[in-house]
Amino acid sequence: MNETALTVRQTARPHGFPTAEHFAFVESMLPGPVTGSALVENLYWSVDPYHREMMDDVPGGFALGAPLEGRAIGRVVASRTPRLTEGEIVLHRQGWRTHAVVTPEEVLRLPRFEGVPLTAHLSVLGGTGLSAYVGLTRIARLQEGEDLFVSAAAGGVGTATGRFARLLGAGRLVGSAGSAAKAAHLTREVGYDAAFDYHDGPAAALLAKAAPDGVDVFVDNVGGEQLAAAVGALREFGRIVRIGTIGQYNTPDAPPPRFDHADIVEKSLRMEGFLVSNYRDVQEELYEFAVPHLQSGRLAPDETVVDGFEHIVDAFLGMLRGENTGKIIVRGAGEQP
């Protein structure tokens with residue numbers, strides 16, 4: 001085990017798109033656990049769109065000069081509590097660092113499912129998959145045969161939403177993505193019936209071509225023009241599930257989407273957002289639903305893996321630029337593919 005540890009800290013607030021200069025890697029002596037805690041050596045790290053929002057001066061955001069938080073999977077390497085034993089694999093939120101001192105209350109002991117990769121706990125079985133599952137089953141209350149439109153469909157939540165919706169018996173699946181290659185991946189690999197590159201024209205026209213008969217549910221990860229287009233395309237009693245607004249994280253001064261507000265009333269539409277942290281009680285249900293499909297091969301984790309903790313900032317910035325397909329995960333140098 002190394003005698004030094006690395007943490008990533010935010011050094012300044014970005015105005016628009018962040019750059020590598022907004023972060024610093026800080027080296028320190030390896031921390032030691034105090035009584036009641038354990039030292040974890042991290043193996044895998046998650047970088048997520050919400051991290052960009054937390055870089056701003058907002059309640060609960062990242063503090064300048066402090067190690068950044070985020071989900072990570074690690075191995076207990078030293079313990080001073082009987083509740084955590086050396087060798088255990090745990091998930092915690094002290095993420096952007098090579099090592100973390102944690103208490104038993106701060107970790108989740110990860111169940112190991114035969115044939116399921118450990119990284120799935122950061123993607124389709126983790127917060128990403130839970131967001132997709134809650135959005136479909138609790139917010140949209142998806143019914144068999146209903147048609148969906150998903151924005152940012154090639155990202156972590158978007159690919160999980162598409163795969164889960166297909167397993168739940170959805171009808172036509174339409175997705176938007178940031179390139180023709182990603183759109184092709186959605187229809188070829190993920191199970192979408194149609195997908196479009198949102199750069200190719202007005203979102204309303206692209207959606208009308210992909211879903212000429214409209215949709216019942218819109219799962220929104222982007223906001224902006226695509227949200228406005230979806231309001232027009234939704235059928236009577238349609239539902240909008242608001243998961244994120246990644247299209248506006250780096251353009252805070254962008255005008256809000258413009259749509260006919262009368263549609264909300266005349267079509268009896270419902271729009272609801274949620275925080276996945278309020279649905280932790282659904283985690284076991286997600287395991288029961290997803291794990292058998294992962295083991296049978298009917299469900300595949302969509303992941304882009306970046307090797308080396310030293311590349312975690314590059315992975316984060318690449319995700320914001322849309323360079324990933326599915327969930328982006330950083331893998332420790334010693335971990336095997």
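Positions are given from 1, in the same order as the sequence printed here.
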Distance-only donor-acceptor check, side chains [X] and [Y], under 3.5 Å:
| X | Y | answer |
| --- | --- | --- |
| Asp197 | Ser179 | no |
| Thr7 | Arg9 | yes |
| Glu41 | Thr98 | no |

Report whether [X] and [Y] are members of the same hydrophobic cluster (ILVMFWY, side-chain heavy atoms less than 4.5 Å apart, transitive linking).
| X | Y | result |
| --- | --- | --- |
| Met271 | Leu142 | no |
| Leu30 | Val90 | no |
| Ile73 | Leu84 | no |
| Ile243 | Val217 | yes |

Under 3.5 Å: donor-acceptor pair, side chain of [X], backbone of [Y]:
| X | Y | value |
| --- | --- | --- |
| Glu225 | Ala203 | yes |
| Lys182 | Ser176 | no |
| Gln283 | Arg280 | no |
| Ser151 | Asn221 | yes |
| Arg239 | Ala140 | yes |
| His261 | Phe259 | yes |

What I'd like to find out is whether the side chain of [X] reaches to under 4.5 Å of the side chain of [Y], using heavy atoms alone.
| X | Y | value |
| --- | --- | --- |
| Phe274 | Val134 | yes |
| Leu173 | Thr161 | no |
| Asn42 | Val40 | yes |
| Asn324 | Glu303 | no |
| Val124 | Leu294 | yes |

Determine, using ring centers only, whether Tyr279 and Tyr133 are less than 6.0 Å apart.
no
| query | Between Phe309 and Trp96, is the ring centre distance below 6.0 Å? | reply | no
Looking at Arg321, I'd like to know if its CZ atom is crowded, meaning that more than 12 non-hydrogen atoms belonging to other residues, nucleotides or ligands lie closer than 6.0 Å.
yes
Point to revise | Whether over 12 other heavy atoms sit under 6.0 Å from Glu105 CD | key: yes
Ion pair [X]/[Y], N-O distance below 4.0 Å:
| X | Y | result |
| --- | --- | --- |
| Arg93 | Glu69 | yes |
| Arg166 | Asp193 | yes |
| Asp48 | Arg52 | no |
| Arg235 | Glu146 | no |

field: Residues Ile312, Val8; criterion side chain to side chain contact (heavy atoms under 4.5 Å, CB included); working and verdict
entry: CA-CA 9 Å; Ile312 192 169; Val8 178; 3.8 Å; yes
For Lys327 and Thr119: C-alpha separation, side-chain torsions, deciding distance, then whether side chain to side chain donor-acceptor pair (under 3.5 Å) applies.
CA-CA 10 Å; Lys327 179 73 183 73; Thr119 53; over 6 Å; no
Check step by step if side chain to side chain contact (heavy atoms under 4.5 Å, CB included) holds for Ile89 and Tyr44. CA-CA 11 Å; Ile89 302 296; Tyr44 298 96; over 6 Å; no
Quiz item: After noting the C-alpha distance and the side-chain angles of Phe25 and Val313, does the key distance pass the side chain to side chain contact (heavy atoms under 4.5 Å, CB included) rule?
Solution: CA-CA 9 Å; Phe25 285 84; Val313 172; 4.0 Å; yes
- request: Apply side chain to side chain contact (heavy atoms under 4.5 Å, CB included) to His311 and Val330, showing your working.
  value: CA-CA 8 Å; His311 298 301; Val330 177; 5.7 Å; no
Quiz prompt | Test ring pair (Phe, Tyr, Trp, His ring centres under 6.0 Å) applied to Tyr287 and Phe113, step by step | solution = CA-CA 10 Å; Tyr287 289 154; Phe113 301 110; 5.4 Å; yes
